[in-house]
Participant: 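Here you go, one structure.
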Amino acid sequence: MSDCKTYYLTTPIYYVNDVPHIGHAYTTIIADTIARYSRLKGIDTFFLTGTDEHGQKIEEAARKRGKTPKEYADEISAKFKELWDEFEISYDKFIRTTDLEHIKGVQKAFLEMYKKGDIYKDYYEGHYCVSCESFVAPSQLVNDELCPDCGKPTRIIKEESYFFKLSKYQDAILKWLKEKKPILPESRANEVIRFVEEGLKDLSITRTSFEWGVKLPKEINDPKHVVYVWLDALFNYLTALGYGSEDESLVKKYWPAKLHIVGKDILKFHAVYWPAFLMSIGYELPKKIAAHGWWTRDGEKMSKSKGNVINPKEVADAYGIENFRYFMLREVPFGADGDFSEKALIDRINNDLGNDLGNLLNRIIGMAYKYFDGKVSSRDIEKYYANELSEAREIIKDIEEKYLWKMQTHKYLEELWKILSIGNKAIDTYKPWELMKNGEEDKAMALIGLIANLLAMVAVYLHAVMPKTTSTIADTLGFEINTERFNAINEGILLNDFVIKKIPPLFPKIEKPLMKKEEVKKEPENIITIDEFFKVELKVGEVIEAEEVKKSKKLLKLQVDLGEERLRQIIAGIKEYYKPEELVGTQVCVVSNLKPAKLMGMMSEGMLLAAKDDSGLSLIRPEKKKKTGTPIK
RNA sequence: GGUGAGGUAGCUCAGCUGGCUAGAGCGCCGGUCUCAUAAGCCGGAGGUCGGGAGUUCAAGUCUCCCCCUCACUACCA
């Protein structure tokens with residue numbers, strides 16, 4: 001990976017049916033990190049993101065708002081772009097599937113595939129889910145109608161459709177998946193392989209039921225049809241480079257893509273359909289497709305109805321975009337689902353960033369000024385601290401190959417932090433304050449130099465994750481982060497002598513959560529089904545005996561007849577409200593299948609229904625006398 | 001139902017082809033230094049390594065059975 005001359009990577013293009021959420025931010029931030037790293041290394045890098053804007057869902061969403069699809073798409077697309085700009089995402093191109101060049105490119109590709117004989121016309125009939133933009137197999141339907149994925153009703157559609165001969169490429173795809181192993185993480189690869197092995201059906205790739213999409217190439221002359229959104233969308237990776245335009249030089253330069261980063265939900269499209277399309281038009285396949293997981297919040301799935309969706313902008317505003325970036329990349333192994341909680345985020349900022357990194361910088365700023373007027377020199381580091389230095393170099397040596405290119409950012413960062421640990425330990429081990437007392441000034445100076453160099457390494461390798469923060473660190477240490485410096489660090493070249501700058505703490509302690517607690521509108525979650533209700537057996541009972549439980553303020557011991565062979569003993573907390581004698585002979589409502597419990601050492605085999613408010617407690621009783629044991633429904 | 005992954009310290013997880021007293025980070029407890037953002041450093045807490053059986057001189061690490069979780073997929077309701 002490190003030997004490529006160019007590096008082309010992409011995020012998915014985001015569907016404009018929704019405003020950006022943490023998942024979009026996560027994907028994009030990973031991609032941005034890889035892109036920045038690649039550039040820092042001196043590789044000619046092209047980083048693409050954008051928005052996916054066609055399809056029936058968009059058409060309908062726009063109509064609801066009284067807008068044209070284009071107006072609506074413009075609006076949402078702009079939100080993505082704004083967010084990425086705010087997040088300093090270093091994309092080289094932001095593509096929109098409504099761009100004219102893209103549309104031309106899709107038409108060109110369609111025509112190519114058509115000419116090759118990979119596309120044929122037929123009919124498609126089936127249940128179609130507008131929301132998911134896909135047909136649902138009859139067997140999958142819930143209640144013969146509802147979409148199993150989103151739960152919304154499907155529509156029966158019979159329409160003329162063009163089909164892509166996906167089945168033709170089954171073996172080739174399988175071979176590619178198995179031999180090239182393009183999918184990260186590998187556990188996902190198995191899923192895709194299984195999917196392909198079970199047989200690929202030809203894919204319906206046009207629709208006639210709506211208009212908001214790319215028209216078929218005019219050569220085919222079939223104006224009823226628009227191109228299926230997924231075909232349309234996937235080709236963005238090529239059209240963004242100018243495929244289908246007069247100038248295809250970027251395609252030549254950057255294709256094939258080195259990396260498509262996707263969410264696990266759309267892996268199949270990228271790992272099966274996309275390669276098949278590419279094979280059909282005779283293009284090379286992407287090198288890697290990396291599928292990441294979802295984010296949950298405080299352990300719960302995020303959803304609009306729960307009102308616990310994380311707005312990435314809110315987090316960034318409260319905690320800083322770079323801290324947020326660090327958190328997301330450090331917190332979760334690539335591919336796994338991650339959990340967002342403010343506590344976890346704060347812990348990362350305070351511990352990792354504040355204590356380990358920021359504070360280490362402060363430690364040497366303090367010492368440098370206390371002992372040497374701020375001067376720092378690398379002069380005697382090799383002489384006194386060769387071990388520490390080589391340990392750190394050892395870590396740097398292969399984190400890139402082992403972790404970064406494999407998207408293992410959490411490991412990458414973990415490794416990097418070991419360097420900070422070496423630094424923090426070294427200070428405690430060699431105790432510069434004692435060195436100074438003992439007149440070993442050179443050794444103290446070298447120690448500060450060592451730490452400065454360790455910090456420089458970390459800053460350079462962390463630059464892709466936290467561009468601004470690391471630039472500040474570099475500035476403090478009298479250097480600039482660039483490719484030259486990157487290479488110098490790798491060659492073991494130490495920092496020039498410099499005067500360290502005094503700066504305020506980079507990561508002030510966060511004492512309490514900073515995000516506004518929005519009123520979470522929760523759907524009532526305690527709705528139960530009728531079946532669940534009937535699990536509770538309620539019966540009318542008559543109180544036969546009643547007596548006080550001594551030593552208890554609240555309890556009465558009752559013998560209740562539920563029309564069973566024997567009386568039930570029920571311990572009820574109603575002593576403050578009812579006297580035993582006024583209960584005997586009256587009817588009550590009893591939960592009869594409650595698990596027996598011991599109260600004050602006595603068995604209680606049921607529970608009385610009662611209502612309690614400020615004015616006291618009242619038993620619930622049948623309005624008219626009923627036979628004992630009558631079930632209550 | 002099929003396929004795959006996984007069940008290891010309070011939490012999140014490492015533990016490759018079987019082998020010294022089962023590890024890391026966070027959290028917690030104790031100790032300690034003072035350059036520093038009450039940060040750092042050191043030490044500890046002692047987890048039947050999901051359960052059971054087996055192979056072996058030796059098993060989280062291999063075999064078999066069972067239980068549970070998750071993912072993908074199928075199908076019956």
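Atom set for the values below is all heavy atoms of this structure, side chains included, hydrogens, waters and symmetry mates excluded. Below, chain A is the first sequence line, B the second, and so on; all start at residue 1.
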Participant: Which nucleotide, in any strand shown, forms a Watson-Crick or G-U wobble pair with B/G46, with both distances under 3.5 Å?
Facilitator: none
Participant: Look at the rings of A/Phe327 and A/Phe324 and say which category their plane angle falls in: under 30° parallel, 30 to 60° tilted, over 60° perpendicular.
Facilitator: parallel
Participant: Starting at NZ of A/Lys402 and ending at P of B/A14, how long is that distance when rounded to a whole Å?
Facilitator: 15 Å
Participant: Tabulate protein N/O versus nucleotide N/O from nucleotides 1-10 of chain B, keeping only pairs under 3.5 Å, one per line.
Facilitator:
none

Participant: Are any of A/Lys268's side-chain N or O atoms less than 4.0 Å away from OP1 or OP2 of B/U73?
Facilitator: yes
Participant: Which part of the nucleic acid, if any, lies within reach of A/Lys425 when heavy atoms closer than 4.0 Å are counted: base, sugar-phosphate only, or nothing?
Facilitator: sugar-phosphate
Participant: Are A/Glu394 and A/Lys397 close enough for a salt bridge, meaning some N to O gap below 4.0 Å?
Facilitator: yes
Participant: Can you measure A/Arg363 atom CZ to B/U34 atom P for me and round it to whole angstrom units?
Facilitator: 12 Å
Participant: Does a salt bridge link A/Arg379 with A/Asp442, judged by any charged N lying under 4.0 Å from a carboxylate O?
Facilitator: yes
Participant: Measure from the ring centre of A/Phe507 to the centre of the six-membered ring in the base of B/U37, then say whether that distance is under 5.5 Å and the planes meet at under 30°.
Facilitator: no
Participant: Using the glycosidic torsion, which applies to B/G60: syn (within 90° of 0) or anti (everything else)?
Facilitator: syn
Participant: Aromatic contact between A/Tyr384 and A/Tyr430, with the criterion being ring centroids under 6.0 Å apart: yes or no?
Facilitator: no
Participant: Taking it one step at a time, do A/His24 and A/Tyr15 satisfy ring pair (Phe, Tyr, Trp, His ring centres under 6.0 Å)?
Facilitator: CA-CA 10 Å; A/His24 298 119; A/Tyr15 206 42; over 10 Å; no
Participant: Mind checking if A/Asp339 touches a base, just sugar-phosphate, or nothing, with heavy atoms under 4.0 Å?
Facilitator: nothing
